[in-house]
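Atoms considered below: every heavy atom in the structure, side chains included; atoms not considered: hydrogens, waters and symmetry mates. Numbers restart at 1 for each chain; the letters A, B, ... are given by sequence-line order, proteins then strands.
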Amino acid sequence: MKEADNFFEKVYQVARQIPFGKVTSYGAIAKYLGAARSARMVGWAMNNASSQREEIHAHRVVNRKGLLTGKHHFSGTNVMQQLLESEGISVIDHQIQDFEKVFWDPIKELPEIF
DNA sequence: ACCATGACGTTTC
DNA sequence: CGAAACGCCATGG
């Protein structure tokens with residue numbers, strides 16, 4: 001374990017930039033960081049997000065299908081869904097409804113963080 | 001150094 | 001159209 005690498009840090013930054021009521025996918029973030037083939041690494045970064053002092057909106061980050069695959073990484077089981085529903089996002093059976101409507105692409109919305 | 005795993009994604013059957 | 005396999009890359013054993 002090392003301190004947050006630049007890659008991880010970027011992931012966290014993007015995750016924090018996700019606006020209220022919006023979500024994004026690991027692949028989108030990975031691609032934005034230039035590591036489209038390392039989508040899994042993004043998930044890994046999220047796992048390591050617990051090490052981050054700042055709270056990462058991991059619940060706003062889902063896979064490309066809009067499925068809350070990483071929900072069991074949260075404290076409880078329905079915590080992630082509750083958070084998303086609190087933001088006006090409909091979640092049924094760990095699946096985000098109208099995913100394309102609430103989808104927030106960093107590449108399209110953010111030219112570049114730095 | 002090699003094998004196994006994982007909060008993913010794309011292609012193929 | 002749905003399920004399975006493969007690919008990618010980093011971390012752990």
Side-chain donor-acceptor pair under 3.5 Å between A:Gln17 and A:Gln13, yes or no? no
Strictly by modelled atom types, are A:Glu87 and A:His59 linked by a side-chain donor-acceptor pair under 3.5 Å?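 The answer is yes; a qualifying pair exists.
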Rounded off to whole Å, could you give me the [atom1]-to-[atom2] distance for the [X] and [N] pair?
X	N	atom1	atom2	result
A:His72	B:dA7	NE2	C1'	7 Å
A:Asn6	C:dA10	CG	C1'	16 Å
A:Met46	C:dA10	CE	P	17 Å
A:Ile96	B:dC8	CD1	P	13 Å
A:Lys65	B:dA7	NZ	P	13 Å
A:Leu68	B:dA7	CG	C1'	10 Å
A:Asn48	C:dT11	CG	P	9 Å
A:Phe7	C:dT11	CZ	C1'	13 Å

By the 4.0 Å heavy-atom rule, please label A:Asn47 as base, sugar-phosphate, or nothing. base
Looking for any heavy atom pair under 4.0 Å, which part of the strands does A:Ala58 touch: base, sugar-phosphate only, or nothing?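 Result for A:Ala58 = base.
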Which pairs count as ring pair (Phe, Tyr, Trp, His ring centres under 6.0 Å) when at least one residue sits in residues 75-96 of chain A, sequence neighbours excluded?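 Checked against ring pair (Phe, Tyr, Trp, His ring centres under 6.0 Å) - neighbours excluded - no pair reaches residues 75-96 of chain A.
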Among the nucleotides C:dC9, B:dA7, B:dG9, which one has an atom lying closest to any side-chain atom of A:Ala39?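 Of all the options, the side chain of A:Ala39 is nearest to B:dG9.
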Are A:Ile18 and A:Val61 close enough that some pair of their side-chain heavy atoms sits under 4.5 Å apart?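 Contact flag for A:Ile18/A:Val61 side chains = yes.
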Partner of A:Ile89 by side-chain contact (heavy atoms from CB on, under 4.5 Å), out of A:Asp98, A:Ile96, A:Val62: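 One option only clears the test, and that one is A:Ile96.
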Please list all pairs meeting salt bridge (Lys or Arg N to Asp or Glu O under 4.0 Å) that have one or both residues in residues 23-45 of chain A, counting only residues at least two apart or in different chains.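 Every candidate salt bridge (Lys or Arg N to Asp or Glu O under 4.0 Å) pair involving residues 23-45 of chain A fails, so no pair, neighbours aside, qualifies.
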Which residues pass the side chain to side chain contact (heavy atoms under 4.5 Å, CB included) test with A:Asp105, sequence neighbours left out?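 Partners of A:Asp105 by the side chain to side chain contact (heavy atoms under 4.5 Å, CB included) criterion, ordered by chain and then number, come out as A:Ala28, A:Phe103, A:Ile107, A:Lys108.
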Using OP1 and OP2 only, check whether a side-chain N or O of A:Thr69 sits under 4.0 Å from B:dC8.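 Looking at the OP1 and OP2 atoms of B:dC8, one of them is under 4.0 Å from a side-chain N or O of A:Thr69.
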Could you go through nucleotides 3-6 of chain B and list every protein N or O atom that sits under 3.5 Å from one of its N or O atoms, giving the distance for each pair?
{"unit_1": "B:dG6", "atom_1": "O6", "unit_2": "A:Arg40", "atom_2": "NH1", "d": "3.2"}

Please say whether more than 12 non-hydrogen atoms of neighbouring residues, nucleotides or ligands are located less than 6.0 Å from CD in A:Gln95. yes
Sort me out a list of protein N/O and nucleotides 11-13 of chain B N/O pairs below 3.5 Å, or just none if empty.
none

Side-chain polar contacts of residues 64-72 of chain A - donor-acceptor pairs under 3.5 angstrom, sequence neighbours left out - could you list them?
{"unit_1": "A:Lys71", "atom_1": "NZ", "unit_2": "A:Thr77", "atom_2": "O", "d": "2.1"}
{"unit_1": "A:His72", "atom_1": "NE2", "unit_2": "A:Thr69", "atom_2": "O", "d": "3.3"}

